[in-house]
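Have a look at the structure below before the remarks.
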Amino acid sequence: MALEETDSRTWIARLHDWRVAHVSDKMFLLILAFLVGLFAAVAAYTLHGIINLIVALLTSSFSRTSANWLYLVYPVIGIYLTSLFVRYIVRDDISHGITRILYAISSNRSRLKSHNCWSSVIASAITIGFGGSVGAEAPIVLTGSAIGSNLGQLFHLDRKTLMTLVGCGAAGAIAGIFKAPIAGLVFTLEVLLIDMTMSSLLPILVSCVTATCFTYIFSGNDALFTFQLDNEWTVQRVPACLLLGITCGLVSLYFIRAMSMTEGLFACFKDRPHLRLVIGGFMLSLLIFLFPALFGEGYSSINLLLNGKTEADWNHILDNSLFAGESAMLIPYIALVLLTKVFATSATNGGGGCGGTFAPSLFIGCFTGFLFSRLWNMEQVGVYVPEKNFALMGMAGVMSGVMHAPLTGIFLIAELTGGYSLLLPLMIVSVMSYLTIIIFEPHSIYGARLAKEGRLLTHHTDHAVLTLMNLESVIERDYMAVSPDMELGQIVNQVSRSRNRVLPVLDGAGTLLGEIDITHIRKVLFRIELYHHFTASQLMEDPEATLVDSAPMTTVMKTFETTGAEWLPVVDIDSHLKGYISRQRLYTLYRKMVHDMSED
């Protein structure tokens, strides 16, 4: 076994040496971007193929005109199988895929674990196939990013290149899933990467185009959603579009807040997985039984609303439910599905399933747009608005609000449905939704968790650099400590061996009691007659400030600016000294990282 591993490393080393000698770094990055796009397309095609197969096997005998009791069983089985797979095979947390990518970029030097290249595909296929009310997009984005990260790690590429390859994987995944290369590129710019320079733009474009082309080869020309514009947009509908955008922003706020609240409740049972399964499974099964439109990703329901032309067409949304055939229940049903979707998604993930919020945001957006337009037309508050057009615009609006990514919402929906003739209203709705949500929520649903920890990258270079900096990497542990009862003579001996001007005073447990600044004891330092008259406890003073080892780099930098100190101690939660940070070293590293990030 050891011999095989050695041979493998030798083969990789030889390939690396040949590449360095014959292929430039830029060309090699483009080759890797091509491979990442290809593998992302394969992963997306495989995942959707497995999901469709499971759904077909489980629901082919379902009646469309009555309720189906198996809706109470399938989701629980799916969550249980997924939790077993994660607990005993993966043995790692693979939930919140896009959040994990953001964490890897900001805190783990863009390094994702190798199992992320396949584990999310299997886990989400089981969850969604059995009815989990989540999306496959986030798991595929995590898979694509993990493929890019691990390819980069295989060839020992630097942090900046790894970040680009992670972006290539995410962009390729979005482009492949939706056959939308521009949306893939914009998604990476808005949601993942801190900056889009020329050195990263071309590889990401290559990955997007590659993934899109291979998806067409694998699945043909059929789009995920079909849409045909029957009613041209007119300027008289601007007020309705503005109001729809505000509505989508408020719905996005509801989505984020309800999701956070429900996830918080499930987190209380983190150490009791069986109880989480029971609560999540019961909650999900009951909701799907009452509202079968919540089963799985819900793309069939979206297509019904986007392509319906008559009341009879739209009434099919009631199929398989207790309300089948009751046309008077269409509006209440759509409103209830809209409100309960977020709880079905939270119950799926909270109970042990695996999936993302990408598809749920599209689902809720479509239902929001349809409901808004139907109520608008019923009240006759202005010019007639076509329901299917506003359902499409609602998808862009809610996605823009939930993800804080208006450009992604605009271009994804435009590319996905060929609705370029609605580009202007899509812009209006998406921008208004974004402007509404940022009043209440400064971060997207993906970034909120990291923002609380100070680990979220932004497009602001200074803040991004501080986020990427690692506190552990700037701590200097080479210090000479003294005990509180050590006499001045012994302290002088320590001074002669110390390379720092500060000597920490520690007790027997390593707790920081104070520090001795050599420059402050010059008057007694060389007076031999005082060597037995003073101890460290008499000479020490409180540090100008103390840093906790869990403090974000923004706090560290601000503390240095406030105190003007040259050295600051770092302690753990129990006040045990871990080392010192030098102002000079900190600012040198900061300037270097700013320079590296600013290079084109």
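For clarity, every value in this text was computed on a predicted model and none was experimentally measured. Residue numbers count from 1 along this sequence.
Taking a 6.0 Å sphere around CZ of Phe225, one finds it holds more than 12 heavy atoms contributed by other residues, nucleotides or ligands. No more than 12 heavy-atom neighbours from other residues, nucleotides or ligands sit within 6.0 angstrom of OH on Tyr80. Heavy-atom neighbours of Met27 CE from other residues, nucleotides or ligands within 6.0 Å: at or below the threshold of 12.
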Working note: Phe155 + Phe28, criterion ring pair (Phe, Tyr, Trp, His ring centres under 6.0 Å); need CA distance, chi angles, decisive distance, verdict.
CA-CA 10 Å; Phe155 292 100; Phe28 185 60; 5.0 Å; yes
Is there a side-chain hydrogen bond (donor to acceptor under 3.5 Å, both in side chains) between Glu263 and Ser346? Walk through the geometry before answering.
CA-CA 6 Å; Glu263 285 183 350; Ser346 300; 5.6 Å; no
Given Ile174 and Leu185, is the side-chain contact (heavy atoms from CB on, under 4.5 Å) satisfied, shown in steps?
CA-CA 9 Å; Ile174 295 296; Leu185 175 67; over 6 Å; no
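A donor-acceptor pair under 3.5 Å links the side-chain atoms of Ser361 to the main chain of Phe358, judged by distance alone. Checked by atom type and distance alone, the side chain of Glu190 pairs as donor or acceptor with a backbone atom of Leu407 at under 3.5 Å. Of the possible donor and acceptor atoms, none in the side chain of Arg276 sits under 3.5 Å from a partner among the backbone N and O of Gly351.
Between Phe367 and Phe363, the two ring planes are parallel [angle under 30°; tilted spans 30° to 60°]. Phe372 and Phe390 have parallel rings, their planes meeting at less than 30° on a 0 to 90° scale where 60° marks the start of perpendicular. Note on ring orientation: taking the six-membered ring where Trp is involved, the planes of Phe130 and Tyr74 are perpendicular (angle over 60°, cut-offs 30° and 60°).
A donor-acceptor contact closer than 3.5 angstrom links the side chains of Asp158 and Thr161. A donor-acceptor pair shorter than 3.5 Å cannot be found between the side chains of Ser114 and Asn150. At a cut-off of 3.5 Å, with distance as the only test, a side-chain donor of Thr127 or Thr82 sits close to an acceptor on the other residue.
Taking the ring axis of Phe227 as reference, the NZ or CZ atom of Lys388 stays within 45° of it and closer than 6.0 Å to the ring centre.
The side-chain heavy atoms of Val342 and Arg257, taken from C-beta on, include no pair separated by under 4.5 Å.
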